[in-house]
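Structure first, commentary second.
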Protein chains: 2
Amino acid sequence: MDISWDDARLFLAIAETGSFSGAARRLRIGQPTVSRRLAALEYAVGATLFRRSADGAALTAAGERLVPPAKKMAEWAGELHRAAESADNSPRGLVRVTGSPYTCFDVLAPFAGHVSRKHPGLRLEVLSTVQYLDLARGEADLALRTRPPTNADLKLVYTLETRNAVFVSKALKAKLPRKPTLQQLPWVAWSPPFEAVTPNPQLESLIPDFKPVFTTDNFLVMVAAAQAGVGAMVLADVRHRFSQDRGLVPLDIDLGPYATGQVHLVCAKSALDIPRVRKVSELLVEELEYTKRR
Amino acid sequence: MDISWDDARLFLAIAETGSFSGAARRLRIGQPTVSRRLAALEYAVGATLFRRSADGAALTAAGERLVPPAKKMAEWAGELHRAAESADNSPRGLVRVTGSPYTCFDVLAPFAGHVSRKHPGLRLEVLSTVQYLDLARGEADLALRTRPPTNADLKLVYTLETRNAVFVSKALKAKLPRKPTLQQLPWVAWSPPFEAVTPNPQLESLIPDFKPVFTTDNFLVMVAAAQAGVGAMVLADVRHRFSQDRGLVPLDIDLGPYATGQVHLVCAKSALDIPRVRKVSELLVEELEYTKRR
DNA sequence: CAGGAGATATCCATTTTCGCATGACCCCAT
DNA sequence: ATGGGGTCATGCGAAAATGGATATCTCCTG
């Protein structure tokens with residue numbers, strides 16, 4: 001028996017996406033190919049690795065054991081990938097930066113404009129995701145995150161301390177009491193399936209019987225709602241070089257334990273050896289530094 | 001750019017065998033396939049990874065960087081492999097045991113007979129190698145070695161202390177002085193390319209101007225020469241259950257720092273989760289234990 | 001209960017990859 | 001000088017892997 005390395009990758013994709021078709025999409029191959037190759041792999045291993053059902057593929061006990069080494073292979077494949085990319089030593093090409101929807105919208109999108117003007121050879125791909133992409137595996141090159149990395153292969157490049165504040169439209173502020181409490185405010189927040197995304201859990205812990213007046217699964221819609229005066233939302237009060245006036249003003253309310261936060265610039269350690277990633281990282285640090293001085 | 005995991009394996013095989021054709025042999029594919037796939041990989045990476053020459057393929061600086069992550073992938077592929085094999089939970093099938101030529105000849109070959117008699121389902125593959133096979137990668141399942149493992153993924157299962165002695169044929173012993181010195185003896189030893197294999201370097205350090213009377217690149221030939229009275233050779237004086245009388249007798253000579261040695265039974269940590277490997281390991285420990293009691 | 005969405009499995013034409021045979025080159029030894 | 005053994009590269013026919021269409025099944029919904 002000999003497991004092809006590509007089959008290991010296939011196996012991991014199925015395990016992580018939870019379905020043959022999901023794995024096919026991730027690997028950009030056809031679903032029948034996934035089906036056949038996994039069948040061959042299972043035959044070679046002599047054990048069933050997934051239970052097929054109408055809602056996908058679930059790992060069996062035998063399959064479960066294969067996941068950790070396959071994940072490690074994926075990490076080192078990411079490392080290999082970065083080592084290969086360090087070869088072209090000119091800061092040009094595609095750099096993938098990930099962040100929360102808000103960060104992407106507020107910071108990274110205008111930053112991308114700045115980058116493309118200053119360095120025409122560099123292209124930015126901004127991946128707006130709720131869940132974390134795996135930087136070690138190379139699912140993205142750089143990330144702006146609210147929590148520092150736990151994985152030892154990742155590097156914390158820069159940290160910016162931020163103040164969080166409650167924002168409302170000017171019109172709404174005018175209608176509110178001079179010093180409103182958190183309970184008194186109408187809130188704009190996430191709808192399922194994002195109930196666990198900031199700031200929902202925080203607001204739920206601060207406000208008994210938290211009931212947002214407006215929910216959505218799209219961050220831009222949330223901002224638009226706040227701008228339209230529908231309700232209040234919590235945002236990091238970051239005034240960077242690209243800050244645009246969105247017609248939102250901060251309220252003088254104490255957010256308690258959530259009054260401050262951080263923005264961390266994170267990447268895989270070896271990613272900084274890739275010239276184009278290093279360049280973008282430097283530009284991003286420059287912007288974050290600039291923010292601090294204001 | 002996206003490096004296929006199989007291409008990573010291909011790259012590593014070329015890097016480690018030092019040639020396209022060597023890699024082809026190791027991976028059991030054709031040499032043209034290696035040539036074409038590497039060319040495609042280099043094109044994708046955008047850099048030359050190997051300098052082709054009449055005596056093989058040498059890594060370029062760009063290629064050099066890819067080796068460490070590729071090696072890590074190989075180790076985790078070995079781990080994956082063992083996890084997959086833990087699935088069949090009956091101690092039957094092929095177990096690959098490696099050792100020095102002498103160990104294979106003297107211990108493992110007769111031990112294999114013992115195993116196949118006692119456990120008909122188990123088959124032993126005895127790999128007689130001068131250089132170490134990589135247990136972490138799964139190039140073998142178990143190893144009898146003279147040095148303890150350094151890699152943290154490997155497990156030292158058992159250690160046997162041994163005494164080394166100088167052996168000659170009875171006929172030769174009769175012709176020698178009662179208490180011969182090391183210098184006086186005619187020696188049987190390794191020829192190139194095995195100059196650096198035990199016991200050559202040790203004898204060279206003990207005997208000024210060491211000049212063996214007979215050299216060979218094959219251990220069995222060495223033993224046969226000693227049996228024929230050609231000269232003396234250093235062997236571990238291990239009397240195990242399968243010891244055969246080879247007509248060789250020990251001399252009463254002090255080998256100084258080389259008078260004692262060890263035999264270590266080593267395997268990858270997770271290899272013991274494979275029932276058939278565990279079984280063979282237990283049987284082997286049993287034999288080594290038995291040796292100790294005599 | 002019917003129908004649609006989404007899952008895996010199978011059939012088959014097509015594309016891709018592979019291995020063999022061969023060529024070109026280099027080095028070393030006779 | 002020349003032959004032999006080693007290297008990598010290339011051409012071509014055969015084999016294998018792939019993808020699209022399709023079948024089948026399950027679940028959820030209207």
Side-chain angles (χ1 to χ4, degrees), chain A residues 1-64 66-67 191-193 217, chain B residues 1-64 66-67 191-193 217:
Chain A
M1 194 236 309
D2 178 56
I3 300 175
S4 131
W5 289 16
D6 272 344
D7 282 347
R9 185 185 211 175
L10 177 79
F11 166 82
L12 184 63
I14 302 173
E16 293 189 333
T17 61
S19 78
F20 289 16
S21 31
R25 281 188 294 274
R26 179 194 282 197
L27 300 179
R28 298 174 205 279
I29 60 179
Q31 170 265 319
T33 302
V34 175
S35 183
R36 259 175 294 126
R37 279 178 47 187
L38 182 75
L41 176 63
E42 288 181 323
Y43 178 79
V45 169
T48 305
L49 302 175
F50 293 97
R51 264 183 306 277
R52 282 82 158 162
S53 78
D55 47 33
L59 280 163
T60 62
E64 206 81 61
L66 305 193
V67 172
S191 70
D217 62 353
Chain B
M1 192 236 309
D2 178 55
I3 300 175
S4 133
W5 288 17
D6 272 343
D7 283 345
R9 185 185 211 175
L10 177 80
F11 166 82
L12 184 62
I14 302 173
E16 293 189 331
T17 61
S19 77
F20 288 18
S21 32
R25 281 188 294 274
R26 180 195 280 199
L27 300 178
R28 298 174 203 281
I29 60 179
Q31 168 266 317
T33 303
V34 175
S35 182
R36 270 181 309 234
R37 280 178 46 190
L38 182 76
L41 176 62
E42 288 180 323
Y43 178 79
V45 169
T48 304
L49 301 175
F50 293 97
R51 264 183 305 278
R52 282 83 157 161
S53 78
D55 46 32
L59 280 163
T60 62
E64 205 81 61
L66 305 193
V67 171
S191 70
D217 62 353

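Just so it is clear: chains get the letters A, B, ... in the order the sequence lines come, proteins before strands, and each one is counted from 1. What you are looking at is a predicted structure, and each value in this text was computed from that prediction instead of being measured.
We find that CD of B:E42 is positioned 12 Å from C1' of D:dC8, with the value rounded to whole Å. Distance CG (B:L10) to C1' (C:dC18): 13 Å, rounded to an integer number of Å. In this entry the distance linking CG of B:L49 with P of D:dC8 reads 15 Å, nearest Å. Atom-to-atom, CG of B:L41 to P of C:dT17 comes out at 13 Å; the value is rounded to the nearest Å. Rounded to whole Å, atom C1' of C:dT8 lies 11 Å from atom CD1 of A:I14. Rounded to whole Å, atom P of D:dA16 lies 18 Å from atom CG of A:D6. One can place CZ of B:R37 at 9 Å from P of C:dG19, the figure rounded to the nearest angstrom. The CG atom of A:L27 sits 17 Å away from the P atom of D:dA17 (whole-angstrom rounding).
Taking only side-chain nitrogens and oxygens, A:R51 never comes nearer than 4.0 Å to OP1 or OP2 of C:dT8. Here B:S35 reaches the OP1 or OP2 of D:dA9: one of its side-chain N or O atoms lies under 4.0 Å away. Between A:S53 and the phosphate of C:dA7, there is no side-chain N or O to OP1/OP2 separation shorter than 4.0 Å.
Annotation: of the two residues near DNA chain D, B:G18 and A:R36, the 5′-most nearest-nucleotide partner is B:G18.
Among the nucleotides D:dG19, C:dA9, D:dT10, the one closest to the side chain of B:P32 is D:dT10. With C:dT10, C:dG19, D:dC27 as the choices, the nucleotide that has an atom nearest any side-chain atom of A:A54 turns out to be D:dC27. Considering only the side chain of A:S21, C:dT8 comes nearest among D:dG11, C:dT8, D:dT7. Side chain of B:S19, nearest nucleotide from D:dT7, D:dT26, C:dC20: D:dT7. Set against D:dT7, D:dC12, C:dT8, the side chain of A:R52 has C:dT8 as its closest nucleotide.
Taking OG1 of A:T60 as the reference point, atom CZ of A:R51 lies at 6.5 Å (rounded to 0.5 Å). Rounding to the nearest 0.5 angstrom, the gap separating the CG atom in A:L27 from the OG1 atom in A:T17 is 8.0 Å. The distance from the CG atom of B:L10 to the CH2 atom of A:W5 is 10.0 Å, given to the nearest 0.5 Å.
Scanning atom types as modelled, one donor and one acceptor separated by under 3.5 angstrom connect the side chain of A:Q31 and the base of C:dA9. With hydrogens and angles left out, the side chain of A:R28 and the base of D:dG19 share no donor-acceptor pair within 3.5 Å.
Using the six-membered ring where Trp is involved, A:F20 and A:F50 have ring planes that are perpendicular, over 60° apart on the 30 and 60° scheme.
Counting only distance, with no hydrogens or angles, the side chain of B:S19 and the backbone of B:A57 share no donor-acceptor pair below 3.5 Å.
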